[in-house]
Amino acid sequence: MKLPKVYEPGLYENDIYALWERSEAFKPSGEGDPYAIVMPPPNANANLHIGYELTAALQDIATRYHRLKGDNTLLLPGADHAGFETQSVFEKHLAKEGKSRFDFSREELYNQIWDFVALNRGNFEKQMRRMGVSCDWSRFTFTLDDRVVKRAYKTFKKMWDEDLVYRGERLVNFCTFHGTAFADIEVVHKEEPGKLWYLKYPLTDGSGELIVATTRPETMFGDTAVAVHPDDKRYAKFIGKTVKLPLSKREIPVIADDFVDPKFGTGAVKITPAHDQNDYEAGKRHDLPKITVISTDGTMNDETPEEYRGLTVDAARGKVVTELTEQGILEKTEEHHHSVGHCYKCDNVIQPLLRDQWFIDMQPLAAEAIKALQANKITFYPETKKDQLVSYLEGLHDWNISRQIAWGIPIPAFQNVDNPDDWIYDERVGEELITIGDKTYHRDPDVFDTWFSSSSWPYATLGFESDNDQDFKDFYPLGLMETGGEILYPWVSRMIMLGLYITGDIPFKEVYIHGYVMAEDGSKMSKSIGNVVDPLPVIEQYGSDALRMGIISGRSPAVNRGYDTRRVEDARNFANKLWNVARFIEDRVGDVFAGAATAEPETTADHWVLSKLQHTIRLVSDHLEEYRFSEAYEALYHFVWDDFADWYIEASKSAPNADLLGYCLEAILKLAHPFAPFVTETIWQTINDDDTSVLATATWPKAADFDNKKAAGFEEIKAIITESRFITGVLKAQGSTLYYTDVPVLTENAALISRMARLAAVTEVKDGTGLYLVDTKYKCWLDIDAATAREYQGQLAEKRTAQEALIQRLETRLSNKGYVDNAPKKVVEETRQQLVEAQDQLESIKTEYERFGSQEA
RNA sequence: GGGUGAUUAGCUCAGUUGGCUAGAGCAUCUCGUUUACACCGAGAGGGUCGGGGGUUCGAGUCCCUCAUCACCCACCA
């Protein structure tokens, strides 16, 4: 097959992916150890962004490497219903049509979103194919698939039976725009300028007043106490008395609680148990009533005076301040920076509101997870993430899993219509009312937090406790969980906790946390700024392999870095290099040879290239075993480009070893396949007439035998060529002749040296004349006349100075008794050896320098 | 308020447990169309490793301190 000069990925990529699917290359088939990755499922409803390319690339490189190694390898794909995310997208869609979620029942909304997702779905599957992800599509799992839902119910039931899940009225983080509660971890805290208002609360008995400081005066309608520190002498006499709450007629007690910081504000704080977490806790301790004054839509409710009802929180605040000012109750106002919780989606201020919700008692789960982590049962890349996770788990609060949205898995719980405290577990969530005996129960209208069901992802996808649990037996615990740092807490931690709780084993053995792909200038990518990079046009322009290699190159785990077009270009060039290496070799060897080529080194260069290949195989393997993707890529890149293309191919033009060229090409294609799956497979198909042979399921290369001494001999030849190139370059003396004394290896490689150094001839002599080479241990001269060579003296002088400095350093080191006595013997020996070599070389340089010096005289 | 990470060439970053003259890619400069590739080849220049102190025979690497930046966590009214 005649290959075109330039690799054009667009001509081959789709066919290659189809070939892989046709040949079922991505089904687990290895006989080695199991190695499975379950992909963090992308949102079924969204297009994949450039960050997903990084995830996909890292997982796919690991997967393809293990598959080639012969492991029983599985990359399992999926998609996320992304409950709240998707519903808010759908609500925007409704808003465009002038509708809102309130126009529909929960069932109607659910069905509409289902259709909406079905319509927009499928895009990401195409995109993942374009990215070359080698996942087994037959195992594709959607987070609303029956087995996932069933799994969530089983987990909930187990927790229900074991009293890990409870229903209770708690202060929850509520978004009044979206009308749902969130878990603590979903709230975004922002440091903001605000105000601290000082309000006078008069004592009921007229004995004076207390001044309280608050950032939220509008909640004063819900105040049920004023608290001071028990040791605060200023207020000791007030404790036990009552104050009259301004703007309402209620009297509230003054209590003592040591959570109060006497140094903050006035040291007296109003207590609003229904709208502040601290106050809620204090209220519990002192058995205070909880008065809710803000409703779920974010307006003041009927507990407030008539003129406030229906006002938004902000408006109410303004009105309260105005009124208090008029009544002389506002003592003063201060600027005050504080942290305020926001909805991560709409940025509205989160209101702490009292709600009945389902909570999971996290203590026992976290304790087990901490134990497993501290026993190092899971390896983290980078390892600092482990400690971060442990300290997160140590401070974990109970988890609110109720969400007031339609798009999700309904909670299988029903409430007795006659007895609000009577809740039962039942999976008949399709029905709103059920009857058991003479009791009627009403379904909980809420759905699970998406993270609750996806915490079971590692074993739910493998069919744990289902009719077909072979995958679970084969692949659990998973090999690797590869994901971004933003879901270390909300997802990775919970998978570990629930994995241990449900299966008794860790869900995965390794966790790799990648950094984010930032915009080219290093800032965050965001749709509103418009600096988002779409992966597909990049793939169109440069090829899928180029984007893959470009995006992983130079990246370390958990380090954010900007997207860099130059790296992608460079990777595109590398793909083209592979292509042209193949073109050259196919030209020499013929089309069909895969598997037939054997490694029988003949020339010095042959031995050398095999030594380099062996080294590279080991390097790439070692790096990939430890997930050093960028380093592995770099090792491959340098071998292919610098060693193989620039030296070996050039050398082979003088003495081609067709078999060995073919052998090396095969090895290179295999080594490069995880990084550049498309171009390597495309080439592979051109060197195989057997169309059942697929590179994706080939075997990782093994090193061939070679002679170390001969391999080292080629390093001398390289040195001679490099120095000759340098000298002839500086002196513009191309076409010189190289003389050398009796050295067989130079005789063998004379043609090669002549060609690569662009010399007229390489001739053996008894005694040479001209410019003596100093970088090789062999005796070689370039036949450059004295006058021209004198120009080279400057270069020699620099070289001599550098060499003398080096020798100075080495001698100082060796004359240091501390060094010789303390450093490892091996290191000292190396230094001695180095000194000897440096001195020899200095002698050569000196002799050469002085020779031209004397000729000059 | 706590915690973590970062600071190395013009740019983006490597540098594994302290040990050869600190590396890579891109960018820059010079030369070159030699029959795989100009998405190419040959060569060159460029860093007192953020500042200061310490440990050590030896520090980019370990310790202390200062500075700057980034991120995460946290219920200061």
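Sequence lines set the chain letters: A, B, ... in the order given, protein chains first and strands last, and positions in each chain run from 1.
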Is A:R725 salt-bridged to A:E723, cutoff N-O under 4.0 Å?
no
With no hydrogens and no angle check, just 3.5 Å: does a side-chain donor-acceptor pair link A:H229 and A:D261?
no
Considering only the C1' atoms, how many Å lie between B:U48 and B:A44, rounded to the nearest integer?
23 Å
More than 12 heavy atoms of other groups within 6.0 Å of A:K195 NZ:
no
Within the 4.0 Å heavy-atom criterion, would you say A:T722 contacts the bases, only the backbone, or no part of the nucleic acid?
sugar-phosphate
When the P atoms of B:C66 and B:G60 are considered, how many whole Å apart are they?
23 Å
What's A:I649 touching, base or sugar-phosphate or nothing? Going by heavy atoms closer than 4.0 Å.
base
At 4.0 Å (heavy atoms only), tell me whether A:K577 reaches a base, stays on the sugar-phosphate, or touches nothing.
base
Centroid-centroid distance, A:W647 to A:F639, less than 6.0 Å
no
Ring pair (Phe, Tyr, Trp, His ring centres under 6.0 Å) against A:Y280, all qualifying residues, sequence neighbours excluded
none
Sugar-phosphate, base or nothing in reach of A:D564, heavy atoms under 4.0 Å
nothing
Which whole number of Å gives the distance between the C1' atom of B:U56 and that of B:A67?
27 Å
Please classify the nucleic acid contact of A:R758 as base, sugar-phosphate, or nothing, using heavy-atom distances under 4.0 Å.
base
Would you call A:E569 and A:R567 a salt bridge, using N to O less than 4.0 angstrom?
no
Could you pick out which residue, A:I185 or A:R216, lies toward the 5' side of RNA chain B when each is mapped onto its nearest nucleotide?
A:I185
Heavy atoms under 4.0 Å, any strand shown: does A:G265 hit a base, just sugar-phosphate, or nothing?
nothing
P spacing across the pair B:U8 / B:G15, given as an integer number of angstrom
14 Å
Sub-6.0 Å ring centroid separation between A:Y627 and A:F380:
no
Closer to the 5' end of RNA chain B via nearest nucleotide, is it A:D570 or A:F644?
A:D570
May I ask you to establish whether A:R216 and A:W197 are in a cation-pi arrangement, using a distance under 6.0 Å from NZ or CZ to the six-membered ring centre and at most 45° from the ring axis?
no
Measuring only the P atom in each nucleotide, how far is B:C63 from B:A24? A whole number of Å is fine.
28 Å
Taking the same atom, C1', in B:A27 and in B:G45, what whole-Å distance lies between them?
13 Å
Just checking A:Y489: base, sugar-phosphate only, or nothing, at a heavy-atom cut-off of under 4.0 Å?
sugar-phosphate
Could you tell me whether the side chains of A:D570 and A:Y637 share a donor-acceptor contact shorter than 3.5 Å?
yes
Indicate, with yes or no, if the rings of A:F264 and A:H336 have centres closer together than 6.0 Å.
yes
In whole angstrom, give me the gap between the C1' atoms of B:C71 and B:G25.
27 Å
Over all strands shown, is A:T272 touching base, sugar-phosphate only, or nothing at heavy-atom distances under 4.0 angstrom?
nothing
Do NZ/NE/NH1/NH2 and the carboxylate oxygens of A:E383 and A:K386 come within less than 4.0 Å?
no
All stems that RNA chain B takes part in, i.e. 3 or more consecutive Watson-Crick or G-U pairs with distances under 3.5 Å, are B:1-7 with B:67-73, B:10-13 with B:23-26, B:28-32 with B:40-44, B:50-54 with B:62-66
When all nucleic acid strands are considered with a 4.0 Å heavy-atom cut-off, which category describes A:R566: base, sugar-phosphate, or nothing?
base
Under 4.0 Å, counting only non-hydrogen atoms across every strand here, what does A:E631 touch: a base, just sugar-phosphate, or nothing?
sugar-phosphate
For the P atoms, the ones on B:G18 and on B:A36, what distance do you get once it is rounded to whole angstrom?
49 Å
Boundaries of the RNA chain B segment in contact with chain A, non-hydrogen, under 4.0 Å
B:U4 to B:A77
Looking at every strand, decide which applies to A:R555 at a 4.0 Å heavy-atom threshold: base, sugar-phosphate, or nothing.
nothing
Just call it for A:W641: base, sugar-phosphate, or nothing, with non-hydrogen atoms closer than 4.0 Å on any strand.
sugar-phosphate
What contact category does A:D387 fall into here, base, sugar-phosphate, or nothing, at under 4.0 angstrom with non-hydrogen atoms?
nothing
Identify whether any heavy atom of A:A645 sits under 4.0 Å from a base atom; if not, whether one sits that close to sugar-phosphate; answer base, sugar-phosphate or nothing.
base
